[in-house]
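This report refers to the structure that appears directly beneath it.
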Amino acid sequence: MTDNETSSTGNFIRQIISEDLKKNKNNGEVITRFPPEPNGYLHIGHAKSICLNFGLAKDNNGECHLRFDDTNPCKEDIEYVESIKNDVKWLGFDWGKHLYYSSDYFDKLYEYAIALIKSGKAYVCSLSGEEIREFRGTLKLPGKNSPYRSRTIEENLELFEKMRVGEFEDGTHVLRAKIDMSSPNLTMRDPTLYRIRRVTHHRTLNKWCIYPMYDFTHCLSDSIENITHSICTLEFENNRPLYDWVLDELKVKCHPQQIEFARLNLTNTIMSKRKLLQLVEEKYVSSWDDPRMPTLAGLRRRGFTPVAIRDFCERIGVAKADSEVNIALLEHCIREDLNKKAQRVMVVLKPLKVIIDNYPEDKVEEFEADNNPEDPSMGKRKVPFSKIIYIEKDDFMEDPPKKFFRLAPGREIRLKHAYYIKCESVVKDEKTGEIIELHCTYDPDTRGGWSNDGRKVRGTSHWVSASHGVLTEVRLYDHLLLDKSGDDKDFISLLNPDSLKVLNDAIAEPSIKEAKKDVPYQFLRQGYFCVDSIDSTSENLVFNRTVSLRDSWSKIAKAKKQ
RNA sequence: UGGGGCGUAGCCAAAUGGUAAGGCACGGGACUUUGGUUCCCGCAUUUCCAGGUUCGAAUCCUGGCGCCCCAGCCA
């Protein structure tokens, strides 16, 4: 990003903040927060929010808090808080000393609740859950007041205290705000503030058996932390009047401004935590960090970089219109980053044996190869060459169509870094007709892959010497969902059956033995790959395909078929 | 059908009354020892629709239409 771009108008939230700064609102401070609930792993949609909140703080000399919104112990788990901290750090953001938990505020929240009761703005309601729903009314019809709405302050105080000390069963009583049962905004129809849950909380353990609801907790937590801009997604727009109501009634010193933006939707995947959990629990994927998952853990294992993800979040923009970003943009971002960084190696994914008839039996030559043509500082390496090599099955066609300019009977191609070879004959399996091997001849005058006689060789293939090659496992990943939008209820039927293809007999050049985890590779002419962080060992190398290279031939081939 | 939002290209998204940025995708060309990268060129006579105000409207007004969110003791 250039200075030019940062100084442009930017998104509407940036504009609001710079207006506030101009007016010296909040004493010129910008304090934001990223408030995940620890009930699942972070995904790329959260990355948008993280980049927004931390980015806004950073660009305005402010601070951004990481706050776990842990008010529902039934769904939350310590495993998730660890993964979330790890993922935020990995993405490249630092909350410094500002790590908080809503549960840290349970005492204060309880005091606030009492204050609300004392001012006559909250009451203990003893309707059942079902009755509360009935009394709430509908979109068109106003609700009815709860018969418990007129309890005295003393009575409410006593009941609420009994709720706290555990005298009541789950679901028997709740604390409600006394607002307006006929409000056209359903969230204002005496919303529940506290409910009884006799479960152990992952941080407060058994100290509490009443837990505050989101609408009560969130605004007050923001206020306690002196948040200036509380940025959330569109579906909370209906809750904003309640956010403001609570803070106004309690007359708190700090009243943050809630601003809503559209959450990220991406084609060919799903972002719903519930659905992602379902994929994990029903074993459609191996785990939360399965490389097909849009989770940060999955993307990381897939080989995505924080740079690419941040760039993506920058490019998609921030607005209020519901939208769905094409996953091609994410793929563009990772290619752009990896092209600069990835070490090139030759790996034959689907090997086809080639015997070079006129090459001496036991001769071995070494060719020098650029590790990265985009970056000479990455140096060179040696690649051994011999009489028997493997090339990619897809690089040969017995009866090639017009625009195919790779190997075919009687045709010549260049072996990258090595020689020109010409296909002399094809050996097939007698029974199946399958091509088993190719016999070729090489031109000794083309050493290094070049000739001075002006010969035109359009095709260049990667290759691996058979006797030097290293067998590796390669996992080819593709979109999780076949169709663009996964919003359907029946998203399981949209799962791409080919989202993972495992190749067990890929053969790599010997330098692959030095492959390191966390280093990106480009398998020449194929795509970007990384060592699998979990399953790869020095004996059994396992690579994950991050993303394929752009492939204009496949487009031509596809067009021909149709 | 109550309330709250949102409609600018295939997908995102700028524009703040002065004559429709940018990116992705797509198409064409150049270059290329990766059919990669890079580089050029093209891609909205018009902003959901219809009226109106104005010298001038994506922006303002009126009226339609379409989509999203809300009836958890979830967040």
Side-chain angles (χ1 to χ4, degrees), chain A residues 5 8-11 15 35-37 39 69 71-72 74-75 125 127-129 132-134 136-143 170-176 182-189 191-197 211 213-215 217-218 232-241 260 262 264 267 273 314-333 335-336 339-340 344 346 369-370 373-374 403-406 414-418 420 446 448-450 457-462 484 522-527 548-557:
Chain A
E5 283 166 300
S8 70
T9 49
N11 62 60
Q15 291 178 24
E37 183 189 12
N39 68 345
D69 212 347
T71 58
N72 186 357
C74 304
K75 289 187 181 175
C125 179
L127 251 22
S128 70
I132 286 181
R133 185 165 16 99
E134 283 162 11
R136 184 154 35 223
T138 67
L139 294 180
K140 276 193 246 175
L141 270 34
D170 286 14
T172 52
H173 307 271
V174 292
L175 183 73
R176 289 228 252 171
S182 62
S183 169
N185 179 349
L186 303 209
T187 93
M188 298 299 269
R189 318 241 266 226
T192 300
L193 267 19
Y194 268 87
R195 75 290 217 193
I196 303 170
R197 284 274 180 283
Y211 292 96
M213 300 284 290
Y214 166 84
D215 285 308
T217 309
H218 202 89
C232 62
T233 45
L234 251 27
E235 67 271 26
F236 291 103
E237 224 154 11
N238 297 317
N239 301 48
R240 192 171 64 222
E260 310 84 11
L264 171 66
T267 63
K273 274 198 209 176
E314 194 62 47
R315 290 188 192 223
I316 55 177
V318 177
K320 291 196 72 161
D322 289 309
S323 64
E324 186 173 51
V325 175
N326 198 306
I327 201 163
L329 180 57
L330 215 211
E331 293 169 348
H332 169 82
C333 292
R335 285 191 187 107
E336 188 172 80
N339 178 50
K340 289 180 290 191
R344 271 61 171 174
M346 293 198 286
D370 286 326
E374 305 291 320
K403 284 187 175 170
F404 185 87
F405 39 86
R406 316 212 288 213
R414 168 172 36 241
L415 294 177
K416 177 88 178 169
H417 309 303
Y420 292 178
T446 58
W450 192 252
V457 177
R458 289 202 71 183
T460 300
S461 279
H462 57 284
K484 282 183 28 176
Q522 185 195 100
F523 290 4
L524 226 61
R525 302 207 303 134
Q526 301 282 181
S548 66
L549 250 33
R550 284 183 68 205
D551 180 4
S552 52
W553 162 245
S554 76
K555 276 179 204 164
I556 297 169

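Naming: A, B, ... by sequence-line order, numbering from 1 per chain.
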Item checked: C1' atoms of B/rU53 and B/rG63, separation to the nearest Å -> 15 Å
Next item on the list: Specify the residue among A/Arg315 and A/Thr187 whose closest nucleotide of RNA chain B lies further upstream toward the 5′ end.
Entry: A/Arg315
Next item on the list: With rounding to the nearest 0.5 Å, note down the distance linking OG in A/Ser461 to NZ in A/Lys416.
Entry: 11.5 Å
Check: For the atom pair NE2 (A/His173) and CG (A/Leu127), what is the distance rounded to the nearest 0.5 Å?
Finding: 11.5 Å
Margin query: Taking B/rA9 as the reference, what is the distance to B/rA44 when you measure between their P atoms (whole Å, please)?
Written below: 12 Å
Margin query: Using the C1' atom as the point on both nucleotides, what is the distance between B/rA30 and B/rG10, in whole Å?
Written below: 27 Å
Notebook entry, point to check: Could you give the distance from CG (A/Asp551) to CD (A/Gln526), rounded to the nearest 0.5 Å?
Noted result: 9.0 Å
Note to self: Using the P atom as the point on both nucleotides, what is the distance between B/rU38 and B/rC24, in whole Å?
What the structure shows: 9 Å
Checklist line | NZ-NZ distance between A/Lys273 and A/Lys75, expressed to the nearest 0.5 angstrom | finding: 9.0 Å
Check: Is it true that a side-chain atom of A/Arg195 and a backbone atom of A/Gly171 form a donor plus acceptor pair closer than 3.5 Å?
Finding: no
Next item on the list: Find the distance A/Leu329:CG to B/rC26:C1' and express it as a whole number of Å.
Entry: 15 Å
Could you go over nucleotides 3-9 of chain B and give all protein N or O partners under 3.5 Å, atom names and distances?
unit_1 : atom_1 : unit_2   : atom_2 : d
B/rG3  : N2     : A/Asn238 : OD1    : 2.9
B/rG5  : O2'    : A/Glu237 : OE1    : 3.2

Next item on the list: Name all residues meeting the side-chain hydrogen bond (donor to acceptor under 3.5 Å, both in side chains) criterion together with A/Asp215; count only those two or more places apart in sequence or in a different chain, and write none if there are none.
Entry: A/Asn239
Note to self: What's the gap between B/rC40 and B/rU45 when it is taken at their P atoms, as a whole Å value?
What the structure shows: 25 Å
Next item on the list: Could you list the residues that satisfy side-chain hydrogen bond (donor to acceptor under 3.5 Å, both in side chains) with A/Lys320, not counting sequence neighbours?
Entry: A/Glu237
Note to self: Tell me if a side-chain donor or acceptor on A/Thr233 pairs with a main-chain N or O of A/Glu235 at a distance below 3.5 Å.
What the structure shows: no
Checklist line | Between B/rA15 and B/rA58 - P atom distance, rounded Å | finding: 16 Å
Notebook entry, point to check: Taking protein heavy atoms under 4.0 Å as touching, what does nucleotides 34-41 of chain B look like 5' to 3' if B marks base contact, S marks sugar-phosphate-only contact and - marks none?
Noted result: BBBB----
Margin query: Going by the rule side-chain hydrogen bond (donor to acceptor under 3.5 Å, both in side chains), which residues pair with A/Ser183 if we only count those two or more places apart in sequence or in a different chain?
Written below: none
Note to self: Looking at B/rG63, which nucleotide sits across from it as a Watson-Crick or G-U wobble partner, both distances under 3.5 angstrom, or is there none?
What the structure shows: B/rC49
Next item on the list: Would you mind reading off the distance between A/Leu264 atom CG and B/rC11 atom C1', rounded to a whole angstrom?
Entry: 12 Å
Check: Which value, in whole Å, describes the distance between the P atoms of nucleotides B/rA20 and B/rA75?
Finding: 50 Å
Margin query: Suppose we define a pair by two distances each less than 3.5 Å, Watson-Crick or G-U wobble; what does B/rU19 pair with here?
Written below: none
Note to self: Between B/rC48 and B/rU37, how many Å separate the two P atoms, rounded to a whole number?
What the structure shows: 35 Å
Margin query: Taking the side chain as everything from C-beta on, heavy atoms only, tell me whether A/Arg344 gets closer than 4.5 Å to A/Glu374.
Written below: yes
Next item on the list: Round to the nearest Å and state the distance from A/Glu331 atom CD to B/rC12 atom C1'.
Entry: 15 Å
Notebook entry, point to check: Which one is paired to B/rG27, where only Watson-Crick or G-U wobble pairs with both distances under 3.5 angstrom count?
Noted result: B/rC41
Item checked: Heavy-atom donor-acceptor pair, A/Asn326 side chain to A/Thr267 backbone, under 3.5 Å -> no
Are there any protein N/O atoms within less than 3.5 Å of an N/O atom in nucleotides 71-75 of chain B, and if so, which ones and at what distance?
unit_1 : atom_1 : unit_2   : atom_2 : d
B/rA71 : O3'    : A/Arg136 : NH2    : 3.2
B/rA71 : O2'    : A/Arg136 : NE     : 3.2
B/rG72 : OP2    : A/Arg136 : NH2    : 3.1
B/rC73 : OP1    : A/Arg136 : NH2    : 3.4
B/rC73 : OP2    : A/Arg136 : NH1    : 3.2
B/rC73 : O3'    : A/Arg197 : NH2    : 3.3
B/rC73 : O2'    : A/Arg197 : NH2    : 3.2
B/rC73 : N3     : A/Gly171 : O      : 3.4
B/rC73 : N4     : A/Leu127 : O      : 3.1
B/rC73 : N4     : A/Gly129 : N      : 3.2
B/rC73 : N4     : A/Gly171 : O      : 2.8
B/rC74 : OP1    : A/Arg197 : NH2    : 2.7
B/rC74 : OP2    : A/Arg195 : NE     : 2.9
B/rC74 : OP2    : A/Arg195 : NH2    : 2.8
B/rC74 : OP2    : A/Arg197 : NH2    : 3.1
B/rC74 : O3'    : A/Arg195 : NH2    : 3.2
B/rC74 : O2'    : A/Asn72  : ND2    : 3.0
B/rC74 : O2'    : A/Lys75  : NZ     : 3.3
B/rA75 : OP1    : A/Thr71  : OG1    : 2.6
B/rA75 : OP1    : A/Arg195 : NH2    : 2.9
B/rA75 : OP2    : A/Tyr214 : N      : 3.0
B/rA75 : O3'    : A/Asp69  : OD2    : 3.1

Notebook entry, point to check: A/Val457 near the nucleic acid: base, sugar-phosphate alone, or nothing, with a heavy-atom cut-off under 4.0 Å?
Noted result: nothing
Item checked: Chi-angle category of B/rG72 [syn within 90° of 0, anti beyond] -> syn
Checklist line | Atom pair OG1 (A/Thr460) and CZ (A/Arg525), whose distance is rounded to the nearest 0.5 Å | finding: 7.5 Å
